[in-house]
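Working notes for the structure below.
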There are 2 protein chains.
Amino acid sequence: MAITIKDIANKAGISAASVSRILTNRGRFSEATAQRVRQLAHEMGYYKNQSAADLSQKESRVIGVLVPTTHTNFADEIIKGMQAKAFELDYELLIAFVETDSQQQIKTVKSLLSRQLLAVVMLAIDIEDPVFEVLTKADVRLLSVSNQLNNVIPSISSDNYAMMHTIVDYLYNHGHRKMALIGASNPDPIVAVLRRKGFIDALLDHGITYNPEFIWGVDNDYQTGLDAIKKFGAPLPFTAAIGSADIISIGLLNGAKDAGIAVPQDLSIVTIDGTELTQLTRPILTAAQQNFAQMGELAIMALADHTLSPHTVTFTDITIKQGGTVANIN
Amino acid sequence: MAITIKDIANKAGISAASVSRILTNRGRFSEATAQRVRQLAHEMGYYKNQSAADLSQKESRVIGVLVPTTHTNFADEIIKGMQAKAFELDYELLIAFVETDSQQQIKTVKSLLSRQLLAVVMLAIDIEDPVFEVLTKADVRLLSVSNQLNNVIPSISSDNYAMMHTIVDYLYNHGHRKMALIGASNPDPIVAVLRRKGFIDALLDHGITYNPEFIWGVDNDYQTGLDAIKKFGAPLPFTAAIGSADIISIGLLNGAKDAGIAVPQDLSIVTIDGTELTQLTRPILTAAQQNFAQMGELAIMALADHTLSPHTVTFTDITIKQGGTVANIN
DNA sequence: TTGAAAGCGGTACCAA
DNA sequence: TTGGTACCGCTTTCAA
């Protein structure tokens, strides 16, 4: 049996209530006894039984985080941001990875919900995911990070629509007129919809009518990048491609290499995300870098503030981070 | 206030005890009432208060997992393995990321220890890490995964010593006589010690006296790989290099590319780990692939079995996964 | 098969 | 500043 507050109380010759007050730093007590109690707690190797504490308190300081295993890449960065702020503001993170297997997903989420949580932060969870329904039915505060959702759930993410303008402008200024968007053709996710719309509108702003064929690729993975090159073949019918995730862009890059297409001379690439992965390629990927750490920090702050309304949408910065995959073809 | 077992009991006109028995599937009850209760629980959106359950039970089914943020790469794969087995055997994982900042580390670990845990699984935590002391002092079962430790803590990992023989033999059979080991020079970690020793002994087995200069590089990161190439310069004094982690090997590969050294013609590379990262390079990295998923599964099984003695050391498979970074120079 | 009641370890209110 | 005490929600023993 582990050491309890009572054990300490006995040894110190005071009541459990006092020990509790001292160790939680709440209410009044004399510094003298406090010293003794803290010393004893340390000596006896006491660890608070958080379950008991949770049970007797109404407000929890635990924030659940749902991470799909398919997106662990940037999720890591968001989690780091959340960790830092959580540490600072004294919240605890309960991280749960969810697989694509929906049965397992639901079980995992249910066990999450069995803890009293302040809120659940969903990383890159979409309306179509089976867990989504479970979450909305349950009586928890929700927050979507990195993914804009409907206006029933507040979200923190990049402004995906505006981001596409930034990217298209950047490419346009480098002389590109024929551009492809790879990996955002999945019809459902709002993010994909926004990116497609942003892409099309941005092209129109420059008087370019978009070619529907150049919006291609459904899945958010490496293979999509490889396949895109295979599909269009050399010479490519466009001069620049926007990869909808770093891993897709790496696929594009390697696919181009395999097909003898030179990057950036024959193909310029801008990747969306800009995680550490982009540094590992040759050339280094030019990226529309999302500020994932900031998303994580804002998520914790928003939850701490209690100021989230269902339709709160918070946007974080995006910046073009120059690499070596965009050629100036003016 | 959330729905409790009592609410259900009231509505069903039975006692809380019965509801508990039914929902946990313990003890005896009639199938008829069980049906009603389950239905009611579902309708009312009931979620068990796990804190209360934990408090009243002695044995916990929660396994804490400590993941250093610096090693998230293969950690992901271990976690997936653990998740799968945990799901199967009905355990819950409580994942905590620990940063390099030791103050934060300790706080995180303490909050982990404040939950009643069945055990704590340490991924790639070393004896030198400040958390290690906290963990060993606390009254929890410990298990180290991916890292062999002393024989006070049981561990599940690859056989790092034998692995080096496999790699050296592989390179030897491809005609290599001058080999370097990059990124395993950190004096402390047992893994690094074993790899160095394995490397040296394996060379000796082939009658090769090792060159101390060729064991180089302390940190487990990308920069170490880049720096290694810079340090030795072109032409390299060895024909093959073993990268002590995928990210190091990618550094080697890119460093070589930057220096005009052709891989594998002028430099062969074998990487240790073989995570998904190895598939993203050109050429694809030849790897001594560790079976991380297996480590994760075994970890859960070992904890479930209760058969771990302090000096249990379990080894998982390693296999050479052929890529395109090793040339045959016979 | 079901119910009453004690208790898990803390917290917080109220009284001393 | 301290202590007594009634909970928090669930599990479990024992009795009905």
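Just so we're on the same page: letters track the sequence lines, and every chain starts at 1. Atom set for the values below is all heavy atoms of this structure, side chains included, hydrogens, waters and symmetry mates excluded.
- For the pair Q116(A) CD and dC8(D) P, the computed distance is 13 Å after rounding to whole Å.
- With no hydrogens or angles considered, a side-chain donor-acceptor pair links S30(B) and T33(B) at under 3.5 Å.
- For Y46(B) and dC10(D), the shortest distance from a side-chain N or O to OP1 or OP2 is below 4.0 Å.
- For R61(B), there are no salt bridge (Lys or Arg N to Asp or Glu O under 4.0 Å) partners, not counting sequence neighbours.
- The closest donor-acceptor contact from the side chain of R141(B) to the backbone of L303(B) lies under 3.5 Å.
- Side chain of D129(A) to main chain of V131(A): no donor-acceptor pair is present (N/O by atom type, distance under 3.5 Å, no hydrogens or angles).
- Salt bridge status for D54(B) with R115(A): present, with a side-chain N to carboxylate O gap under 4.0 Å.
- With no hydrogens or angles considered, no side-chain donor-acceptor pair links T316(B) and Q294(B) at under 3.5 Å.
- With sequence neighbours left out, the side-chain hydrogen bond (donor to acceptor under 3.5 Å, both in side chains) criterion links R36(B) to no other residue.
- Map I5(A) and G27(B) each onto its nearest nucleotide of DNA chain C; the residue landing nearer the 5' end is G27(B).
- Taking atom CG of residue L55(B) and atom P of nucleotide dT12(D), one finds them 12 Å apart after rounding to whole Å.
- Atom NZ of K6(B) is separated from atom P of dC10(D) by 9 Å (rounded to the nearest Å).
- End-to-end axis angle of the helix from dT1(C)-dA16(D) to dA16(C)-dT1(D), from C1' rotation axes over five pairs per end: 30° (rounded to 10 degrees).
- T100(A) pairs by the side-chain contact (heavy atoms from CB on, under 4.5 Å) definition with T70(A), not counting sequence neighbours.
- Note: NZ (K48(A)) to P (dC8(D)) measures 20 Å, nearest angstrom.
- One interatomic measurement links the two molecules: CD of Q50(B) to C1' of dT11(D), which rounds to 12 Å at whole-angstrom precision.
- For the pair R28(B) CZ and dA15(D) P, the interatomic distance rounds to 18 Å; values are reported in whole Å.
- Rounded to an integer number of Å, the gap from I22(B) CD1 to dG3(C) P is 9 Å.
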Find every protein N or O atom lying less than 3.5 Å from an N or O atom of nucleotides 12-16 of chain C, and list the pairs.
residue	atom	partner	partner atom	Å
dA12(C)	OP2	R26(A)	NE	3.2

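- Across all non-hydrogen atoms, the minimal contact from P189(A) to D126(A) is CA-OD2, 3.4 Å.
- Residues of residues 29-45 of chain B that place a heavy atom closer than 4.0 Å to DNA chain C, in numerical order, are F29(B), S30(B), T33(B).
- Environment of CD in E31(B): crowded, with over 12 heavy atoms of neighbouring residues, nucleotides or ligands closer than 6.0 Å.
- Across the protein-nucleic acid pair, I14(A) atom CD1 and dG3(D) atom P stand 6 Å apart, rounded to whole Å.
- Considering every non-hydrogen atom in both I127(B) and F132(B), the closest pair reads O-CB, 3.7 Å.
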